[in-house]
Each structure stands twice: as C-alpha cells, then as structure tokens.
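Letters go in sequence order (proteins before strands), and every chain restarts at 1. The structure presented is a predicted model; accordingly, all values stated were derived computationally and were not measured.
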Protein chains: 2
Amino acid sequence: MAKRRVETMEENRAKLIVAARKAFAEKGYSAASMDELTAEVGLTRGALYHNFGDKRGLLAAVVDQIDSEMALRAQEIGVRAGDDWKGLLAEGAAYIEMALVPEVQRIVLLDGPAVLGDPSKWPSQSSCLQATRRTVERLIAQKALKPVDAEAAARLLSGAALNAALWVAASDDPQHVLPKAIYTFHALAGGLLTKPA
Amino acid sequence: MAKRRVETMEENRAKLIVAARKAFAEKGYSAASMDELTAEVGLTRGALYHNFGDKRGLLAAVVDQIDSEMALRAQEIGVRAGDDWKGLLAEGAAYIEMALVPEVQRIVLLDGPAVLGDPSKWPSQSSCLQATRRTVERLIAQKALKPVDAEAAARLLSGAALNAALWVAASDDPQHVLPKAIYTFHALAGGLLTKPA
DNA sequence: TAGCCGACATACGCGCCGTATGTCAAATTA
DNA sequence: TAATTTGACATACGGCGCGTATGTCGGCTA
C-alpha cells in the first residue's frame, strides 16, 4: 500500500465530515453521537478529537463546507440572472430555495448559530453573508440601490430570506407557499431601490 | 401556615421558570444543568419533571413567557406610534432593540428554534409573529401596503429584524450600528408600501 | 536500518438526563 | 376529627455521551 500520511489524514477528515453532515442533519447536533458517527466510517473518537479538537470543531467544519457551497451556488445563479437588480433578487430566491434542504436548515440555520454563535465569527465568516454584501455594495455603487449600509442590508436581506425559508419548510404545503415567500421577498427588497419599479 | 397545594405549585413553577430564564440565558440551553437549576430554588429535579415533563418542556415554558412579554411590549410601542405605517416601523424597531437583550437572544432566537423547532409550532405559536401579522393585515386592508401574503410579510419582516439584532449585538460597537440597522429596516419595509414615501 | 514522530485507538472518570420508586403533607370523606 | 386517599415532590438507579490521558503501530527521516 504505502499510503502517504497526509493522504490518509485528508481522507479521514473528509470521511468524518461526510458522516457528520448526515448525522447532524438527521438527528440534530446534540443528539448526534460521536461514537456512532466515527464508527460508521471505521474510526473512533480518537480520530475526531485529533482532527477537529472537539464536537463543536467538527460542526464548525461542516458548517463551513455547506456555507461555502451555498455561497458559490447562489452567486452562480445571481450572475446568470444579471449583474444588476435582477441578480440580487435571484440570489435571494436561491437562498430561500437552498434553505429548504433539511441539511442546510438543521445544520446551518438552527444548530450552527445556537452552538457556534454569530455567523460573523464562523471560520468562513459566513460566505453567504459576504457574497450578498458584495453584491449590495456593487449595486449601491451603481446607484441602483439607496446608499444604505451594505453590511446591514446584507444581514437584513439574508435574515428575511432564511426566515422565509424556515416558514416555507414548516408549512403544510411548501410548494404552494414558496412563490408567496419569493414574491414578498421581491417586494420587500424593492424598498432598497432608488427608483421603484 | 396551611398553604394551599395549588398555591405552592404555582409558586414552584414560577420559581423554576425564573431560575431557568437565568440559567438558560447565562449558560445556554445545553450547558444548563437541571440539578443546579432546581437546587438554586430549593427544589430537586423531581419537581421539574413533574411540572414540565422534561428539560425541553421547561424551555418551552420560558420561551412562551418571554415571547408573550415581547409581543405585548412591541404592540404597545406600535400603537403609541400610530395605527398606520409608522406603527409597523416602530414595532419592527422595538423587536430589534428587544432582541439586543442577551436573554432574548440566547433563549428565544438561538436555542428556542434549535431545540423546539419552528416558532409556529411553539405553545404560544410565537405571539410576536402573530402580532406583526395582524398589523400587516390591518395595513393591507387600509390599502397602505401592497396586497402581499400577510403571513409571509410578517415572517420576512421579523426575520429581517431579528437577524439585524443579532448583527448589532455581535458587532463591536452596538450603539453605533443600531441606527444603521433601523434605518435599513425602514428602507426595506418601505418596499411593501403602495405609494413610496 | 534504527530511531523518532505523530495519527489514531483504547481506557477511564465524570456529569447529566430520564424514570421508577418512595414519602409525607394536604385534601377528602364519613 | 380520624382514617384514607391523593398527588406534589424527593430519592435512587441505570445508562449514555463527552473529554482526556495513555498506549500502540505504522510511516518518515537520517
């Protein structure tokens, strides 16, 4: 075999993160057992504490990964919709839809903030938040948006979007209320426009 | 003495809730020990499990209480500012400021949703949410707001407000960013107006 | 190839939760 | 008022999960 040490370490880290995404998503952070989790991938807690420090460290790594994936995907959708006002709306809608995925909801929106604190203190500092802030800054520079504080706007927009998603997901008929959520989000975001549509 | 049984029971329930508010606020839900908590008010876990079923039940009771207090206070501030558009803005600002209180943040905004699930499934069904929904419904009936879904609007507004509060609280200089948050909230909410100011 | 280093396994102690059982005062009935 | 019941709460028990300290075996370096 003669496997490199760093290779196997990377592999094990990856395996643990994969298992953690599943366990945290299905059982929630506190109910997820580290013994079970590690055993599922043929390891023990020793590997976990060596690689991630503690249970929170593993959660941080998972959150970081999911958050990055989300930001990337939302930005793709955003730029595809245009580098103007349409782009911001599409980005917001993308966040709402991504937040419907149980994994995202449970880990990033519920347990993440509760266990790790404010997203701005995450290792990724919330890529999602930063991405929308940059978009807002660009639109303000283009005079398309009112000269509000970009950070504040990003927070409010993402907060609205993510909370809307929680509502949609908790409703009886998600596919029916989703358009309402997106429509209302559009209306709300329109408040930032310098010249209303 | 000759105390009534129901009296002492009410007293004990109240004492436990008071202690729980403090413990949950200071240590967070998972780190709060039920043994310590009950001992502080001269009881044991027996009383707790008899009155509230389990740890989550106690949290639910605490969340319910705080949520009710918040809704009451916000509505007071809202009607004082007027039964029109101004009232909704004042209500939103009130939520932002209340969410700065560590107790509210930790218990209602972070641990509450993570442990108890979506606010719509809480015993109080989130009085805050219901209050702003009613306000929005009234304003829509007055044609002051666009005919959006009231539930959706309430969710988005409260989500924006509460997330803004988390941002303000996590910032280095809360008193400096608070006005930015409120200003941006006003701008955002303006998107719902039929005729922009 | 000999020795070291580090990634991971093993073993231990502690705290905490939930439940099953016990107890004693207040409430009820005659 | 005395006997009986009720139920609010205390006590005792079992189990699980986390974090840490210590052991081990394979790759890495000289």
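Near DNA chain C, meaning a heavy atom under 4.0 Å from it, residues 57-64 of chain A has no residue at all. Near DNA chain C, defined here as any heavy-atom distance below 4.0 Å, the residues from residues 14-41 of chain B are B:A32, B:S33, B:M34, listed numerically.
Judged as a side chain to side chain donor-acceptor pair (under 3.5 Å), and not counting sequence neighbours, A:K55 has no contacts. Remark: A:E97 engages no residue in a salt bridge (Lys or Arg N to Asp or Glu O under 4.0 Å) (not counting sequence neighbours).
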Quick one: which protein N/O atoms are closer than 3.5 Å to N/O atoms of nucleotides 9-12 of chain C? Pair and distance per line, please.
from: C:dA9; atom 1: OP1; to: A:T44; atom 2: N; distance (Å): 3.4
from: C:dA9; atom 1: OP2; to: A:T44; atom 2: N; distance (Å): 3.0
from: C:dA9; atom 1: OP2; to: A:T44; atom 2: OG1; distance (Å): 2.5
from: C:dA9; atom 1: OP2; to: A:A47; atom 2: N; distance (Å): 3.4
from: C:dA9; atom 1: O5'; to: A:T44; atom 2: OG1; distance (Å): 3.3

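A straight line from NZ of A:K55 to C1' of D:dT20 spans 17 Å, rounded to a whole angstrom. Counting to the nearest Å, the P atom of C:dA25 and the CD atom of B:E7 are 18 Å from each other. Taking atom CG on B:D54 and atom C1' on C:dC16, their separation rounds to 14 Å, with Å as the unit. D:dT20 atom C1' lies 19 Å from atom CZ of A:F52, rounded to whole Å.
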Margin query: Before you tell me yes or no, could you show the steps for B:E137 and B:R133 under salt bridge (charged side-chain N to carboxylate O under 4.0 Å, His left out), namely the whole-Å CA-CA distance, both residues' side-chain angles and the distance that decides it to 0.1 Å?
Written below: CA-CA 6 Å; B:E137 282 170 352; B:R133 181 174 51 73; 3.0 Å; yes
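Within 6.0 Å of NZ on B:K22 lie no more than 12 heavy atoms contributed by other residues, nucleotides or ligands. Dense packing is recorded around CZ of A:R106, with more than 12 heavy atoms of other residues, nucleotides or ligands lying under 6.0 Å away. Other residues, nucleotides and ligands place more than 12 heavy atoms under 6.0 Å from the CZ atom of A:R134. For A:K146, the NZ atom is densely surrounded, since the number of other residues' heavy atoms within 6.0 Å is greater than 12.
A sub-4.0 Å separation between OP1 or OP2 of C:dA7 and a side-chain N or O of A:N12 is absent. Phosphate proximity of D:dC9 to B:H50: absent, as no side-chain N or O sits under 4.0 Å from OP1 or OP2.
Of all the heavy atoms in A:A20 and A:L58, the pair that sits closest is CB-CD2, 3.7 Å. When all heavy atoms of B:L110 and A:P113 are compared, the pair lying nearest together is CD2-CB, 3.8 Å.
Considering only side-chain atoms of B:N51, the nucleotide from D:dT20, C:dC8, D:dC9 that sits closest is D:dC9.
Side-chain N/O atoms of B:S120 and B:D118 include a donor and acceptor closer than 3.5 Å.
Note on residues 28-64 of chain A: pairs passing ring pair (Phe, Tyr, Trp, His ring centres under 6.0 Å), not counting sequence neighbours, are A:F24-A:Y29.
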